[in-house]
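Since the structure comes first, as structure tokens, the remarks are kept for the end.
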There are 2 protein chains.
Amino acid sequence: MTSINVYIADDHPVVRKGMVRLLKTFERVGQVKEAADGKELLALLTNDRPHIIILDIEMPVMGGVDTVKAVLQRFPNVKILILTMHSEEVLVRRLLDMGVNGFLTKSSGPEEIEKAIYAIMDNDFYKNAITENAQGIAGAEENEGRRKLTIREIEILLLICKEMTSREISERLHISEKTFFNHRTNIMEKTGSKSNIGLLKYALRKGIIST
Amino acid sequence: MTSINVYIADDHPVVRKGMVRLLKTFERVGQVKEAADGKELLALLTNDRPHIIILDIEMPVMGGVDTVKAVLQRFPNVKILILTMHSEEVLVRRLLDMGVNGFLTKSSGPEEIEKAIYAIMDNDFYKNAITENAQGIAGAEENEGRRKLTIREIEILLLICKEMTSREISERLHISEKTFFNHRTNIMEKTGSKSNIGLLKYALRKGIIST
DNA sequence: TGCCGACATAGGAGTTACTCCTATACGGAT
DNA sequence: ATCCGTATAGGAGTAACTCCTATGTCGGCA
């Protein structure tokens, strides 16, 4: 078995650098490259491509979700390991549907990270509490009669819950405010909310965010 | 010792009727009267007055806070026992400052209710987990440098967290929308929030509401 | 007794947030 | 070939909100 090339994308230098240093200590890991956001990561991919990409799901410039989409569209065989703060259940579910290969929290220890990388290389998937949990709620959500939120909608819901204004969110996502409002209206319809207050409560109930 | 006269104000007929029936079984309890809201309660008080008033803090027509204020202003010697759903810490603190004599949740058992009534008659105060808890947070809140929320502000914050619109809230409180916005702005300033999302998060952190 | 500060109230004028309806484009399922 | 779901966005109107100013009340305090 040849060595595993790993790229990491995370906007927090501390996390990123620490991860790079850690990865290099792993026996089976070969080349390691880093990027501060999705755009940088995609730039790296023009020349060569890694076996595994470790991706922070909450990056400012190009969000994790967009990055997953872009990467998998161009290189369907690249494995993706998601770094997530809180285990946002619905979001995890969507990312799994997109073909992501595993999840880690930023508080994971070195052993777990190494285990995840090897599991993904050998079995194509790293199974842990986060992914287990997501299986459970998939069904539950269906039962409520309401349609599922799309990835874009979850992305928007997360930003709303961060106390960002409509302007800020639309600028961040490079869409018009109109489009933002359309999404927001759709989310409210799907979640049975009347306002941002209702949206935040929904996100809390569903574990999309934690208090 | 003569028997204790108790009035109860609660907008939920089930709770109210149940409470009336229960109270009548207590040995030391004499006359029992009921009201569906603060206005009705005050009307009862024109003729005679009870030893203890049991008050639901979340009533639609005339809120519990207003009722407490009105009752104590006219009859400082009447004891007040608050019925509360969630133990909203900051609110409890304020009500204690106003001179309320004890708290019960609606899930309290008959024995606890009887105990509370006797404790208030005999010692002027019913001490339990809810009141204990409020003592603790009083200090914590002071430390943050920000001024305390007033009762009115907490009342408004609660309604905001219920996903009510500005119009609905101002109508409910019989104030102009302008006044509502002034309060809201002040609350945001005091709590360091930028929007309703921030207010809800604050309320959750402080235990003013529960998820 | 008289004053001051905190609180609750509210108007005017302006800005931002948002709804409702309509419409286009694209990619995947049937 | 068609259709549905998704993402995009404009026009026109309404609701929500800010900022500044101002008033009455009440309780404490000099």
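Reckoned from all heavy atoms, side chains included, excluding hydrogens, waters and symmetry mates. Note that the structure is a prediction, hence the values are computed from the model and not measured. Reminder, nothing fancy here: chain letters follow the sequence lines and each chain counts from 1.
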Separation of Leu173(A) atom CG from dA7(D) atom C1', in whole Å?
12 Å
With a 4.0 Å limit, can you tell me whether Thr150(B) has a side-chain N or O closer than that to the phosphate oxygens OP1/OP2 of dA8(C)?
yes
Could you tell me how far apart Ile175(B) (CD1) and dG24(D) (P) are, to the nearest whole angstrom?
19 Å
Contacts of Leu44(B) meeting side chain to side chain contact (heavy atoms under 4.5 Å, CB included) (sequence neighbours excluded), chain-then-number -> Tyr7(B), Lys33(B), Ala35(B)
Axis-to-axis angle across the helix from dT1(C)-dA30(D) to dT30(C)-dA1(D), five pairs an end, to 10 degrees?
30°
According to side chain to side chain contact (heavy atoms under 4.5 Å, CB included), who are the partners of Thr185(A), at least two apart in sequence or on a separate chain?
none
For Phe125(B) and Gly102(B), work out which heavy atoms get closest and say how close.
CE1-N, 4.5 Å
Under 4.0 Å between any heavy atoms, over every strand shown, what does Thr179(B) touch: base, sugar-phosphate, or nothing? Just pick one.
base
Provide, to the nearest angstrom, the distance between the CG atom belonging to Leu72(B) and the C1' atom belonging to dG27(D).
17 Å
Between Arg152(A) and Ile175(A), which heavy-atom pair has the shortest distance, and what is it?
NH2-CG2, 3.5 Å
Please report, rounded to the nearest Å, how far the C1' atom of dA8(C) is from the CD1 atom of Ile169(B).
16 Å
Counting side-chain heavy atoms from CB outward, which of dG11(C), dA8(C), dT8(D) is closest to Ser176(B)?
dG11(C)
Partners passing side chain to side chain contact (heavy atoms under 4.5 Å, CB included) against Ile151(B) (at least two apart in sequence or in another chain):
Val65(B), Arg94(B), Met98(B)
How close or far is atom P of dC17(D) from atom CD1 of Ile156(B), stated in whole angstroms?
13 Å
Ser170(B) and Arg167(B): which non-hydrogen atoms are nearest, and at how many Å?
OG-O, 2.9 Å
Nearest-Å distance, CD (Glu155(A)) to C1' (dA7(D))?
12 Å
Heavy-atom closest pair, residues Met188(A) and Ser195(A)
SD-N, 3.7 Å
Can you name the side chain to side chain contact (heavy atoms under 4.5 Å, CB included) partners of Lys115(B), sequence neighbours left out?
Tyr126(B)
For Glu153(B) and dA6(C), what is the distance between atoms CD and P respectively, to the nearest whole Å?
13 Å
For Lys127(A), is the NZ atom crowded, meaning more than 12 foreign heavy atoms sit under 6.0 Å from it?
no
Output one letter per nucleotide in nucleotides 15-30 of chain C: B when a protein non-hydrogen atom lies under 4.0 Å from the base, S when only the sugar-phosphate is that close, - when neither is.
-SSBB-B---------
In whole Å, I'd like the distance from the NE2 atom of His183(B) to the P atom of dT18(D).
14 Å
